[in-house]
Amino acid sequence: MHQHANFSPQDARAMAQAIRLAERGLFTVRPNPAVGCVIIDQQGETVGLGWHHQAGTPHAEVHALRMAGALAQGATAYVTLEPCSHHGRTPPCCDALVAAGVARVVIALEDPNPLVSGRGIARLKAAGVTVDVGLMASSARALNLGFLSRMERQQPFVRLKLAASLDGRTALANGQSKWITGALAREDVQRLRALSGAIITGINTVLVDDPSLTVRLPEFLSFQPLRVVLDSQLRMPETAQLFSHTGQILVVTLAEQLVSQPDKVARLRGNGALVEAVSRDETGRIDLLNLLTMLAQKFMVNDVLVEAGAQLAGAFMSAALVDELWWYTAPIVMGHDARAGLMMPEITEMDAVQRWSLLDQRWLGQDLRLRFKGGKQVCQSS
């Protein structure tokens, strides 16, 4: 790690501003990370501001350098993630910083991509630029938990969302669940969907509720997540409401279904769905870790939202694959016959219960949103 202990108050202010700029791209940059850049001249004046708006468009550094123009000469650039050193859809940012004559670059976080990590820093140093790394690293990590998870663990960051009554129920015995929470909580879930590269649900939810699983917030209509349906028996109805919305649908099944139901596969694909097979786990169901790996590698998904019934939600929990639990509690009581949110195997010892730590809590009208971090996870938010 290229650590530098002597950061000034100006350094801290500028990096905090760069992180706020990066946040503007959170909903629109996937599969890229959200990045912000601030350029401060030798007099301490802010001369350039930029953030990455959308994948395939110029990176944060380029926007900030364009704004700074000739004033970038001798200036300090603050970037939330190590500037890229490779030609992707855009040229390397470290070369642009060098060409502009920037004297110093302060970086919050090294690029976690093993193909890139440290190379941008090395190129800058080789060109005579002073490079300091590690300022506000934990805040920079929190910005891009999904991207970091995909690079470091080869799987997306998983959030599980549940809306429950005070007595922990998520639907009446007859299946009715509209609506447990109020309008503000439901709007919050819309933002959570918009933040996600993929939403995972199970075939039972599709058959019972016929959800659309779309983002309905006007500003994010063109950034629909991949909607993933786990369907080991390939029962997906071709009339499902999922098909009547823009955005990609992925039906995930077991390999034998591709062989035994080729006509069904062809009809689903004709409807615009992608159909993929993953391996089965020891219970004969779709292997969830295999699924997550496929979403990361084949579909470049950084963040997954699980919006599913008790069986699939419980399976993700039991497999310790949930990084964050978003639990919305409504001030209603539904009774012991109503359905629990999680179906999990019986635990017979208190030592064996899953323990979660509270990240934050927030009132949304009458509803309370609790956000928890799992204890077993590697990729943790701060």
Side-chain angles (χ1 to χ4, degrees), residues 17-36 49-60 63 80 89 142-147 156-163 177-201 205-206 209-229 239-250 271-274 295 299-308 324 326-328 330 360 362-369 371 381:
Q17 187 174 17
I19 285 169
R20 284 196 301 275
L21 288 169
E23 286 171 351
R24 298 189 186 185
L26 272 177
F27 295 92
T28 55
V29 295
R30 61 176 177 259
N32 290 3
V35 180
L49 300 170
W51 71 93
H52 187 33
H53 296 223
Q54 204 175 321
T57 66
H59 289 186
H63 287 293
T80 56
R89 285 193 274 181
L143 263 179
N144 287 302
L145 289 171
F147 176 75
F157 192 83
V158 177
R159 295 177 179 89
L160 170 64
K161 170 238 134 184
L162 287 169
S177 62
K178 289 187 175 163
W179 293 106
I180 289 174
T181 51
L184 284 175
R186 297 203 299 276
E187 189 180 313
D188 194 62
V189 172
Q190 286 288 313
R191 279 193 294 277
L192 183 52
R193 284 183 182 178
L195 200 59
S196 309
I199 299 174
I200 297 177
T201 198
T205 298
V206 174
D209 295 342
D210 196 20
S212 62
L213 297 178
T214 51
V215 176
R216 294 185 284 278
L217 300 170
E219 62 269 40
F220 303 126
L221 288 178
S222 56
F223 296 93
Q224 294 296 335
L226 175 69
R227 289 162 298 157
V228 183
V229 180
T239 55
Q241 190 169 270
L242 287 169
F243 290 113
S244 58
H245 296 274
T246 56
Q248 193 71 65
I249 297 162
L250 170 63
N271 253 3
L274 301 165
L295 289 176
F299 296 95
M300 294 175 74
V301 171
N302 296 331
D303 298 270
V304 157
L305 174 60
V306 179
E307 279 200 69
E324 279 183 10
W326 291 51
W327 187 284
Y328 296 82
D360 60 48
R362 184 174 169 192
W363 288 104
L364 296 159
Q366 288 279 298
D367 304 317
L368 179 61
R369 184 192 79 192
R371 203 163 59 93
S381 46

Q: Nearest 0.5 Å, please: how far is OG1 in Thr214 from CG in Leu221?
A: 8.5 Å
Q: Between CG of Leu195 and CG of Leu305, what distance do you get to the nearest 0.5 Å?
A: 9.0 Å
Q: Return the minimal non-hydrogen interatomic distance between Phe157 and Gly146, and the atom names on each side.
A: CB-CA, 3.7 Å
Q: Can you tell me how far apart CG (Leu49) and CD (Gln17) are? Round to the nearest 0.5 Å.
A: 5.0 Å
Q: So which heavy atom on Phe299 is nearest to which on Leu250, and how close?
A: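 What the structure gives for the nearest pair is CE1-CD2, 3.8 Å.
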Q: Report the residues that fulfil side chain to side chain contact (heavy atoms under 4.5 Å, CB included) with Thr28, sequence neighbours left out, ordered by chain and then residue number.
A: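 Partners of Thr28 under the side chain to side chain contact (heavy atoms under 4.5 Å, CB included) test: Phe223.
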Q: So, do Thr201 and Val206 sit near enough that their side-chain heavy atoms are less than 4.5 Å apart?
A: yes
Q: Quick one: list whatever passes side chain to side chain donor-acceptor pair (under 3.5 Å) with Asp188, sequence neighbours left out.
A: Arg191, Tyr328, Arg369
Q: Does any part of the side chain of Val228, heavy atoms only, come nearer than 4.5 Å to the side chain of Val304, both counted from C-beta?
A: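 Side chain of Val304 against side chain of Val228, heavy atoms only: no contact under 4.5 Å found.
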Q: Would you say the side chain of Arg362 lies within less than 4.5 Å of the side chain of Leu364, judging by non-hydrogen atoms?
A: yes
Q: Would you say that Val301 contacts Arg30 through its side chain, given a criterion of any heavy-atom pair below 4.5 Å between the two side chains?
A: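 No; the side chains remain at least 4.5 Å from each other.
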Q: Any chance you could measure Arg227, atom CZ, to Ile249, atom CD1, to the nearest 0.5 Å?
A: 4.5 Å
Q: Where do Ala185 and Asp367 come nearest, in terms of heavy atoms and distance?
A: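 Where Ala185 meets Asp367 most closely, the heavy atoms are CB-OD2, 3.6 Å.
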Q: Would Thr181 and Val189 satisfy side chain to side chain contact (heavy atoms under 4.5 Å, CB included), going step by step from the backbone distance to the final call?
A: CA-CA 10 Å; Thr181 51; Val189 172; over 6 Å; no
Q: Please check if the side chain of Thr80 supplies one atom and the backbone of Ile19 the other of a donor-acceptor pair under 3.5 Å.
A: no
Q: Could you tell me whether Gln241 atom CD has more than 12 heavy atoms of other residues or ligands within 6.0 Å of it?
A: yes
Q: Identify the heavy atoms of Leu184 and Gly365 that sit nearest to each other, and give their distance.
A: CD1-N, 3.4 Å
Q: If you take all heavy atoms of Ala55 and Pro31, which pair is closest and at what distance?
A: CB-CD, 4.2 Å
Q: Under the rule for ring pair (Phe, Tyr, Trp, His ring centres under 6.0 Å), what residues qualify as partners of His53, not counting sequence neighbours?
A: Trp51, His63
Q: Got a second to check how far Ile200's CD1 is from Leu226's CG, nearest 0.5 Å?
A: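 One finds 9.0 Å between CD1 of Ile200 and CG of Leu226.
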Q: Would a 4.5 Å heavy-atom cut-off, applied to side chains only, mark Val306 and Val158 as touching?
A: yes
Q: Is any side-chain heavy atom of His59 closer than 4.5 Å to a side-chain heavy atom of Val35?
A: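 Side chain of His59 against side chain of Val35, heavy atoms only: no contact under 4.5 Å found.
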Q: Any side-chain heavy atom of Phe220 sitting closer than 4.5 Å to one from Gln190?
A: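 Counting from C-beta outward, Phe220 and Gln190 never come under 4.5 Å.
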Q: Would you check, one step at a time, whether the test side chain to side chain contact (heavy atoms under 4.5 Å, CB included) holds for Arg193 with Arg216?
A: CA-CA 9 Å; Arg193 284 183 182 178; Arg216 294 185 284 278; 3.7 Å; yes
Q: Quick check for you: to the nearest 0.5 Å, what is the distance between Asn32 atom CG and Met300 atom CE?
A: 7.0 Å
Q: Write down the atom of Pro225, the atom of Ser196, and the distance for their closest heavy-atom approach.
A: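 Heavy-atom minimum between the residues: CB-O, 3.2 Å.
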Q: Ignoring hydrogens and geometry, is there a side-chain-to-backbone donor-acceptor pair from Gln224 to Val215 under 3.5 Å?
A: yes
